[in-house]
Amino acid sequence: MDDVRNGIRRDGRYGRPETVDELLDRWVETLRVRDVTIADVAGYISWALDEGGLSRVESGEPEPLAPRTIRQGIDALARAIDLVVSEEQGVTRSVARLAKRPGTGRAAGKDLEHWTPEELAACASSADTDPLAGFWRLSMSGLTRSEICGIRWGDIDLDAGTVTITQARVRIDASTSQVGPAKSKQRERTVPFEELRPGTVDLLRHVIANQDERRSMWEGWG
């Protein structure tokens, strides 16, 4: 397993670092399921908690994977082993279900710091002066960062004041991102941002005007 996980960034498939699912697929391919032990699964969990995530942009140092992501990976592995347990003689237990999984890592509510309404209003006011103010407003209308980065102008109806979410853009590494379907069917939705944050349409029109101005400038240089 060490050779598999150490190679994740060296020779990831498709010319990019492997996803958790791809890593688990390659690990399972190197072992017979009957040979996988609880210690193997625990070793993967320990590695993922320490350095299983993408590298930091600034330092290049690997980040830990989120406990939720690790649990999802182990769930996928457990389902695969369950099939073998039911079909292969001699395999009587699913070791992936016996390994101790990471907890949620959530702090108690009293330990969390929250913005006051005054602080939130100050942030919104400051964001309205940013060249991308319209998109900052979308972040205050319930859209995630990946959803905002995945928006196309065709997804926005300025007359209706709505945006339709069907995809998201996620970071693969420090210099690469990838667009894919929304995280779940529940995340595919139409958000009435103008109703939620009046004035957002005007700010988005300003973003479009700035883009058109820059485009004309570059065409002039050509």
Between Pro192 and Thr162 the two heavy atoms that sit nearest each other are CA-CG2, 3.8 Å

Looking only at non-hydrogen atoms, find the nearest pair between Ala99 and Ala42 and report the distance.
CB-N, 4.5 Å

From [X] [atom1] over to [Y] [atom2], what is the distance, rounded to the nearest 0.5 angstrom?
X: Ile148; Y: Leu132; atom1: CD1; atom2: CG; answer: 10.5 Å
X: Ile45; Y: Arg101; atom1: CD1; atom2: CZ; answer: 7.5 Å
X: Ile151; Y: Thr166; atom1: CD1; atom2: OG1; answer: 9.5 Å
X: Gln167; Y: Cys149; atom1: CD; atom2: SG; answer: 11.0 Å
X: Arg189; Y: Glu147; atom1: CZ; atom2: CD; answer: 4.0 Å

If hydrophobic clusters are built from ILVMFWY residues whose side chains come within less than 4.5 Å, do [X] and [Y] share one?
X: Ile208; Y: Leu203; answer: no
X: Ile156; Y: Val179; answer: no
X: Val207; Y: Val163; answer: yes
X: Leu49; Y: Leu98; answer: yes
X: Leu196; Y: Met140; answer: no

Verify, without hydrogens or angle tests, whether [X] (side chain) and [Y] (backbone) share a donor-acceptor contact under 3.5 angstrom.
X: Ser126; Y: Cys123; value: no
X: Asp155; Y: Arg152; value: yes
X: Ser216; Y: Asp212; value: yes
X: Arg137; Y: Pro198; value: yes
X: Glu194; Y: Thr200; value: yes

Show your reasoning for whether side-chain hydrogen bond (donor to acceptor under 3.5 Å, both in side chains) applies to Ser141 and Arg197.
CA-CA 7 Å; Ser141 301; Arg197 303 290 301 183; 5.5 Å; no

Is Glu119 atom CD crowded by more than 12 heavy atoms from other residues, nucleotides or ligands, each under 6.0 Å away?
yes

Ring centre gap for Trp153 and Phe135 strictly below 6.0 Å:
yes

Phe193 vs Leu143 side-chain heavy atoms within contact, under 4.5 Å
no

So, do Pro102 and Arg71 sit near enough that their side-chain heavy atoms are less than 4.5 Å apart?
yes

May I have the step-by-step check of side chain to side chain contact (heavy atoms under 4.5 Å, CB included) for Arg187 and Ile165, ending in yes or no?
CA-CA 7 Å; Arg187 302 302 297 179; Ile165 302 300; 5.5 Å; no

